[in-house]
Structure formats: structure tokens, C-alpha cells
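Here the structure comes first, spelled out in C-alpha cells, and everything after it is commentary.
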Amino acid sequence: MTDPVRDFYEKKYASTWSGPEYDSRFTKMWYKAFLRHIVPLIELPAGSCVVEVGAGKGYLAPALLKRGWDYTATDIAESALAQVPVGEHCRTVRTEGERLPFSDGCFDLAICQEVLEHVDSPERTIAECFRVVKVGGWLVFSSPSYLNGFLPIKLLADAGVGWAKRLLVLQIVDRTFMPWSLVRMIRRHGKILQRRGVRIAPPWFERLDARA
């Protein structure tokens, strides 16, 4: 039996999502924000274990490996994981976010960026991320919000406007959250240390507003 979601990502990462054009126009914005504004706040020593759920082709791997962290990239698409720079401290695991094949508390940090809107069960994925992180560890989630510049583009894409659909690269499961619904799901499992709002459209996506 085929999995249409997995087939979608296998095809995408084997073709259009593999080239530099995709990286330069849209994808990097949340990664840049994470590296610039979030990583400096994470107090983890060299040798710490990090898992990225829905890592794609492991864009974050080089930066995290430079910090001396052991990095595990997970994704449902083998064509994505094949592009991760695997090495002594970097490995890949093909799996779904709702069913992570790791023991409880085996990671110091879990990263799940722009993934929750594309899974069947966001709540289960969040729960799994918390399960595999040790007590006192760190977790980073990000997902599109209706309450930022993403809203008009998303509504136009949903209405079938061509340029908006091409910009967002609409996917099989493609939902958007209100901030409080995502916060509510996360708070069921742990404490939120920081919330940040990211403006969706270039060139403003590097401007973030921090809120406690």
C-alpha cells in the first residue's frame, strides 16, 4: 500500500526541493531565525544529542555539528535524508514524527520546525518530541500562524490564486494554527520559555518580536 504523503515528499526532495533555488527563496527563513536567535540561548555542552523531526535534507546539520553536538535527522522521505551530510556525529533515521523509534529521554534537544502543519496528528508529534527529550532538556517548535503576514498569502493560496500557491508550495496536509492552539498543545507537556513571532515574507523575516 502506498503512502500519498510520503510519496509526495519523496518526489519533491528528489527534484525541485533539492536545488539551490528552493533554498534561496523561502525555506531558509526559519532556519536563519533559529540559528541567529534561538541557538545562542540553548545551553548545551559539546557531545549533547540533538534530534530534528522532519529535518528534510539537514540544512541545520553543519551549524549544529560545529557546536560539537551529535545530530540525528529524521524524515519520512529517503530522498531528503540522502542529502544530509552523514558522518561520525551525524546520522539519519527514516520515520514519522508521530512514532519516533527512540527510547524515552535519549536526547538533550528536539527541533521540529515547519512540520506540525504537515502531519496527521500534531498533538501526537509534540508528545513524541517531549518523550524522547530528557527531563530538563530543550525543545523548539515552529509553525505558520494566522496572526502574521502569512495570513493573506495562505488565504489566497487556499482560494486557488496561482502565484500564492506557487510561493507556499501547498502540500497534502497543509494546516495553519492560531498561536494559542499551538501553545495549548505544548503546555500540556512542558513549560514554554520563550515565544517568538516571525514575519513570513522576505525581506522582513529576520525581524522577530520576543514575548515571554
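All residue numbers in this chain count up from 1 along the given sequence. Given the structure is predicted, the values throughout are model-derived calculations rather than measurements. All values below were derived from every heavy atom in this structure, side-chain atoms included, with hydrogens, water molecules and symmetry-related copies excluded.
Here the CG-CH2 distance, from L41 to W138, works out to 7.0 Å after rounding to the nearest 0.5 Å. Here the OG atom belonging to S79 is positioned 10.5 Å from the NZ atom belonging to K57, to the nearest 0.5 angstrom. Here the straight-line distance linking atom NE2 of H118 with atom OG1 of T125 works out to 12.0 Å at 0.5 Å rounding. The line from OH of Y9 to CG of L81 is 13.5 Å long, rounded to the nearest 0.5 Å. Atoms NE2 and CG, on H189 and L139 in that order, are 10.5 Å from each other to the nearest 0.5 Å.
Side-chain contact between L100 and R131: present, with at least one pair of heavy atoms (C-beta onward) separated by less than 4.5 Å. Using a 4.5 Å cut-off on side-chain heavy atoms (C-beta onward), C129 and F141 make contact. Contact annotation: the side chain of M185 approaches that of P122 to within less than 4.5 Å [non-hydrogen atoms, C-beta and beyond]. Between V53 and Q113 there is no side-chain heavy-atom pair separated by less than 4.5 Å. The side-chain heavy atoms of L182 and I126, taken from C-beta on, include a pair separated by under 4.5 Å. Between Q83 and Y13, some side-chain heavy-atom pair lies under the 4.5 Å cut-off. Within the 4.5 Å cutoff, the side chain of T92 has heavy atoms near those of the V86 side chain. Residues L109 and I42 form a side-chain contact, since some pair of their non-hydrogen atoms from C-beta on lies under 4.5 Å apart.
Scanning all heavy atoms of the two residues, the minimum distance from S143 to L116 falls at OG-CB, 4.4 Å. Listed here is the closest heavy atom pair of L35 and P40: O-CD, 3.5 Å. Taking all atoms of both residues into account, the shortest heavy-atom contact from P85 to C90 is O-SG, 3.4 Å. Shortest non-hydrogen contact noted between V133 and A110 is CG2-CB, 3.5 Å. Between P101 and V93, the shortest heavy-atom distance links the atoms CG-CG1, 3.9 Å. Minimum heavy-atom separation, W163 to L156: CZ2-CD1, 3.6 Å.
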Subject >> From CA spacing to verdict: side-chain contact (heavy atoms from CB on, under 4.5 Å), I111, Y31 >> reply: CA-CA 11 Å; I111 304 165; Y31 290 128; over 6 Å; no
**OP:** Could you walk me through whether V183 and I192 pass side-chain contact (heavy atoms from CB on, under 4.5 Å), step by step?
**Re:** CA-CA 8 Å; V183 165; I192 296 177; 3.6 Å; yes
**OP:** Run the numbers on F130 and I186 for side-chain contact (heavy atoms from CB on, under 4.5 Å), then give the verdict.
**Re:** CA-CA 9 Å; F130 271 92; I186 294 172; 4.0 Å; yes
**OP:** Could you please spell out the steps behind the side-chain contact (heavy atoms from CB on, under 4.5 Å) verdict for L44 and R67?
**Re:** CA-CA 9 Å; L44 290 175; R67 299 182 69 90; over 6 Å; no
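Judged purely by distance below 3.5 Å, without hydrogens or angles, the side chains of E98 and S121 never pair a donor atom with an acceptor atom.
Classification of the F102-F107 ring pair by plane angle, with boundaries at 30° and 60°, yields perpendicular.
The main-chain N or O of D75 is never found under 3.5 Å from a side-chain atom of E96 such that the two would form a donor-acceptor pair. In this structure, the side chain of S15 engages the main chain of K11 through a donor-acceptor pair within 3.5 Å. No donor-acceptor distance shorter than 3.5 angstrom exists from the side chain of T74 to the backbone of T95, with no hydrogens or angles considered.
A salt bridge between K134 and D108 is present, with a side-chain N of the basic residue lying under 4.0 Å from a carboxylate O of the acidic one. Salt bridge absent: R6 and E10 never bring a charged side-chain N and a carboxylate O closer than 4.0 Å. Ionic pairing of R188 and E123 is present here: one or more N-O contacts between side-chain nitrogen and carboxylate oxygen are shorter than 4.0 angstrom.
Applying the ring pair (Phe, Tyr, Trp, His ring centres under 6.0 Å) test to Y71 and every residue at least two apart in sequence or in another chain returns nothing.
Connection of L193 to V140 is established within a shared hydrophobic cluster, with ILVMFWY side chains joined at heavy-atom distances below 4.5 Å, either directly or through further cluster members.
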